Every structure is written in C-alpha cells, then in structure tokens.
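Here is the structure we will look at, set down as structure tokens.
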2 protein chains.
Amino acid sequence: MARSQKQAPLHLGISEQIQQQIINGRYLPGNKLPSERELIKEWQVSRITIRRAIANLVQQGLVTTHQGKGVFVTEKCKVTYTLSNPLTFLEDNLADKKIELSMQNISFELVTAPTEVQTILQLSAQNPTAYLQKKLLLTDKVPGGVDLTYILPEIGQKLATELKQNMTFPVLERHNWHIDRVAAIIECTNANLELSEYLDIPLGHPLLVYRHTAYTTNNRPLVHGETISRGDRFCYSVDQLH
Amino acid sequence: MARSQKQAPLHLGISEQIQQQIINGRYLPGNKLPSERELIKEWQVSRITIRRAIANLVQQGLVTTHQGKGVFVTEKCKVTYTLSNPLTFLEDNLADKKIELSMQNISFELVTAPTEVQTILQLSAQNPTAYLQKKLLLTDKVPGGVDLTYILPEIGQKLATELKQNMTFPVLERHNWHIDRVAAIIECTNANLELSEYLDIPLGHPLLVYRHTAYTTNNRPLVHGETISRGDRFCYSVDQLH
DNA sequence: ATCAAAAACTTGTTATAACAAGTAGATAAG
DNA sequence: CTTATCTACTTGTTATAACAAGTTTTTGAT
C-alpha cells in the first residue's frame, strides 16, 4: 500500500459528522445536543470517545457545555470595534443581532508602573507612578472583556470620576487632550485561569488583545493599555486611507 | 459554611503548578517536560489526570505535544504585519528572534465568485468571475497561514505570473493600480480540521483573520480576500493618525 | 395549591486497563 | 563500517467503572 492513510480516530469522525449535522440544520443555534448517554447509543462508542468528540466541537467554538444542563450549539454574534472613525472605539453592532455594549469600572488607583509602561509613558524616574484603571466590558450585561489602562497621573487625577463611567478616548477629547496618534498591536492569546474565571469561558478560549498607546501633539504619550476581549464576541474594523 | 469554595479539580491544580514551574524556569522554552510516566510518579495521580493537566497547558499555548517524542515548552516569537505603512503589509520581525517570512502559491485560477464576493467586487451579473489565488504563508519555511484572495479578472489575467510570486499589494502598486483605501476586519477564529492539517496545529488552535477589500480611486474595488494566520505566530500593527 | 425533599436526569472528574502509533537508541547481520 | 531490525521508550486512542456536582422533574407532605 503506497498511501499509508493514517486512519482517523473515532472521536474525530464523530465530531466532524456532528459538525455537518449542525451545518445541515439538524441542530440549530441555541438548541441542545442529545445527551452523552443518547449519543453513546447513537454512535455505539464509549463515553470517553463521545466526550472527546464534544470536546473537539467545543474547541472549534461550535458548541458550549453546561454542567447539569447539556451541550448547546453556539449562537454567534460579534461586536465590531471601529478603529478608524474620527475618534476611535465607537462601538458598532454587527449583523442582525442587537447587542448592548457597556462598561463597568473595577478599580482606579495610583500605582507604580511596570518598567515597560514607565518607558512608554515617559514617566519621570523620581516618581514613576500612573493611574491604573481596570474595566470590565459587558455585552448584554455579560462580561465580554477586560481593559487595563495606565493613565498619566495629572490626567487621571483630574478626570477620575468621568473616566470611571466612560470610555477613555472620548473623555480625553472632551477635556481638550487631543489624541494625535494611536499606535496599536492587535494579537491573539488564550485565556489563562484568571481570565477564564473573569469571563466565564473555558481555559484556553481565544482572546483578542488590543494593546495601544495614545499620543497627543509632540508625540507625548497620554495613556497606554490593553483591551482583552473574547475572540468569539468581538472583532476590529480598520479602515486605511493612502 | 458561607463560602462554598468549589474545590478545584486535580488536573487544574497540577497544570497551574507546572505553569508556575515553566515561569520559574524549571522547564525552559524548547525543553522537554518529563514524560507522562514520570509525571504520574511525581504527582501520584492517574494517567488520565496528567494528560488532562497537559491538555490544559496545550490549550493555553504553553506547551506542544509530539507523539513519540514528548511534550515541549513553546518558544514564542511573533511576526508583525504592519498595516499602516505607506503601502501595507510590509513584514517586520518582532523581538530578538529573526524569522524569515515567505509565501508560496498554491493555486491561481478563474472561478465563479461567491455572491458576497460578487457584491463586494461589483462584478457584472453576466460574468461574475474573478481570479482566486490561494497562498501559503511561511515563517522559516514552515506554514504559518493561508491567504485566499479574489482578484478582478482583468487584473489577474495580466499580472498572473507576478502575483504568483509576490505579495498582492506591492504588485498592484508597481503596475499603477493605486490603492486608495483598504477596508479590513481583524478577528479571531478556531482552526477547523482542514486548517489544522494545513498548518499542522491542533484542532481549535486560535487563528487571526484579516478580511480585507482594497479600493482604488472612485471607490472601485480591486481585490478582496482573507488572510488566516496562526494566532501564536502573527500579530497586526495598526498606526492611526487623527 | 404550595413548598420541600427526593429522584432522575445532566456534565465533570478520576482510576485502571489495553492496545495503537510515532521516535530513538541498541543490537545484530551484512 | 553500514544497514536493517528489534526493542524500549514516547504520546494517542478507546473501553469500563465509579463517583461528584450541577439542574430539572417528580414526588409527597403540609
């Protein structure tokens, strides 16, 4: 036999077929899959194999499990962060579904900034402090992301109350801190234990990271932070003019 | 007992502690973890528990498994796509590691475009065809992503040979197809079976998707496509001027 | 009819066991 | 010395079993 077709494991075949059934509409978004017991009967395999097949689907983001309740087909709907608009960060809902987006202040305090942040924000070596704000991003009241932002001390002090209730950039613009430039990196990570508990997602769930620094005139940095949001709930829209 | 502390499962405790050991330097990037047999002895648990603990680490992208060889601590190094540069897509290597980036043409053929693409590229209803190019993105000769791009038929026909060997945008600019605007969405998905085999990654591995449409003057679309790349190997740099 | 307890579900955790399959080093044949 | 084979490793797959822990339904007492 020339072509040594490595025979596919059972769990993969099953998860692929269930995936097809989801696509074909046997299982609709939001609906419950048959229980493990029923799937065992249907596919005539052991529980460990069915559980592995389900795990395959979970990893692909097709289904979600809930202990005691069952396995449910994921309903997808994403919120788009628009980065290129006049300001930035104007939230816009995508597709048909209407999603309410809100934020919630977790903490707001003066801290000694990590060395990278000291460098980025050009803090004085004598007093390398900045305000660190932790925010929770909510979609339909449900946690969908966290935001950690370091704010120059003189700004954070004055605008504390407003910053605790609004998005950062609009508040800055309202108080005549003109944002000249935003340098950002968008990347992808996996949820660690802390984030998985915060956002109620399984360990390793894909996350989008928006790590940014906002500068005012003369390349003076104002704020630096990162927004970590659920990869299945958010995306970024970028419009580049040349 | 007021606080019903749900006791953490064994596998979670073990994976968290191994993660600490990785951070503390007991296991260095690229090094092999002890084998399952050894870890079973060390932690005095069953194989299923150790395997689950390792699976936790895999899902967080901290280690990679190789059948027959062992489990190895991941070496992280990312390639940055710079989106804001004069043209676009100039590749820049991040951090210390030097990574060679190249591309490889998989296929280049005239096809009937899907309806969404027909709309986006404003193809004529009589002849809704476009060139579809499939490319493989390689980092150090290793597949790191795939790119599917639909190209206007008149452009694809003329520039076929060049497009097969170079990045799309520079080729267009070289032939006086000025790119006026690029509208893009960056999002996150999980590898399905096809992509996991293409890119040699486990099912569900996080992927970055860059879905873009390039327009020339008068908002005339030229190309539309999506770049799907490994979330652990790539990131996007965005610079916004206001 | 109401409410609480019990039972019957669901998925989650963990152990033991056996074999498959990929890799690398030791061993034996040429 | 070279090459092929065997052996001892490694991780991967699958089965059976028992219990834990959430959720829903049923039951039964009030």
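Below, read A as the first sequence line, B as the second, and so on, with proteins coming before strands; counting in each chain starts at 1. Keep in mind that what you see is a predicted model, and the values were worked out from it rather than measured.
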Whole angstrom value for the distance that separates [atom2] of [N] from [atom1] of [X]:
{"X": "A:Q67", "N": "C:dT10", "atom1": "CD", "atom2": "P", "result": "13 Å"}
{"X": "B:I40", "N": "D:dC9", "atom1": "CD1", "atom2": "C1'", "result": "14 Å"}
{"X": "A:K41", "N": "C:dC9", "atom1": "NZ", "atom2": "P", "result": "11 Å"}
{"X": "A:L39", "N": "C:dT11", "atom1": "CG", "atom2": "C1'", "result": "12 Å"}
{"X": "A:F72", "N": "D:dT23", "atom1": "CZ", "atom2": "C1'", "result": "10 Å"}
{"X": "B:E36", "N": "C:dT16", "atom1": "CD", "atom2": "P", "result": "15 Å"}
{"X": "B:L33", "N": "D:dT10", "atom1": "CG", "atom2": "P", "result": "13 Å"}

Restricting to non-hydrogen atoms, name the atom on A:L101 and the atom on A:V79 that form the minimum distance, rounded to 0.1 Å.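 Nearest pair, atom of A:L101 first, then A:V79: CD1-CG1, 3.2 Å.
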Nearest heavy-atom pair of A:Y236 and A:T80: which atoms, and what distance?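 Where A:Y236 meets A:T80 most closely, the heavy atoms are C-CG2, 4.4 Å.
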Where along residues 43-66 of chain A does a heavy atom fall under 4.0 Å from DNA chain C?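 When residues 43-66 of chain A is checked for heavy atoms under 4.0 Å from DNA chain C, the hits, listed by number, are A:R47, A:R51, A:T65, A:H66.
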Please work out which residues in residues 10-18 of chain B have a non-hydrogen atom less than 4.0 Å from an atom of DNA chain C and list them by number.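 Listed by number, they are B:L10, B:H11.
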Short N-O contact, B:E187 and A:K76, less than 4.0 angstrom: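 Looking at A:K76 together with B:E187, the answer is no, because their closest N to O distance does not fall below 4.0 Å.
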For the rings on B:Y81 and B:Y210, is their centre-to-centre separation under 6.0 Å?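 Centroid separation for B:Y81 and B:Y210: 6.0 Å or greater.
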Identify each donor-acceptor pair in which a side-chain atom of residues 108-116 of chain A lies under 3.5 Å from a protein atom, sequence neighbours left out, and give them as a table.
none

Residues forming a salt bridge (Lys or Arg N to Asp or Glu O under 4.0 Å) with B:E226, sequence neighbours excluded: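 Per chain and number, B:E226 pairs via salt bridge (Lys or Arg N to Asp or Glu O under 4.0 Å) with B:R211.
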Side chains of residues 188-206 of chain B: which donor-acceptor pairs under 3.5 Å do they make with residues two or more places apart or in other chains?
from   : atom 1 : to     : atom 2 : distance (Å)
B:N190 : ND2    : A:Q59  : O      : 3.3
B:N190 : ND2    : B:G204 : O      : 3.0
B:N192 : OD1    : B:E194 : N      : 3.3
B:N192 : OD1    : B:L195 : N      : 3.0
B:S196 : OG     : B:N192 : O      : 3.4
B:S196 : OG     : B:L193 : O      : 2.8
B:H205 : NE2    : B:D232 : OD1    : 3.2

With nearest nucleotide decided by heavy atoms, which residue, A:K69 or B:G68, maps closer to the 5′ end of DNA chain D?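 Nearer the 5' end of the strand: B:G68.
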Side-chain donor or acceptor of A:Q165 paired with backbone N/O of A:E162 under 3.5 Å: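 Looks like no, no N/O pair under 3.5 Å.
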Does anything in residues 31-67 of chain A form a ring-ring contact (aromatic ring centres under 6.0 Å, His included)? List the pairs, not counting sequence neighbours.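 Every ring-ring contact (aromatic ring centres under 6.0 Å, His included) pair that includes a residue of residues 31-67 of chain A, provided the two are not neighbours, is A:H66-A:F72.
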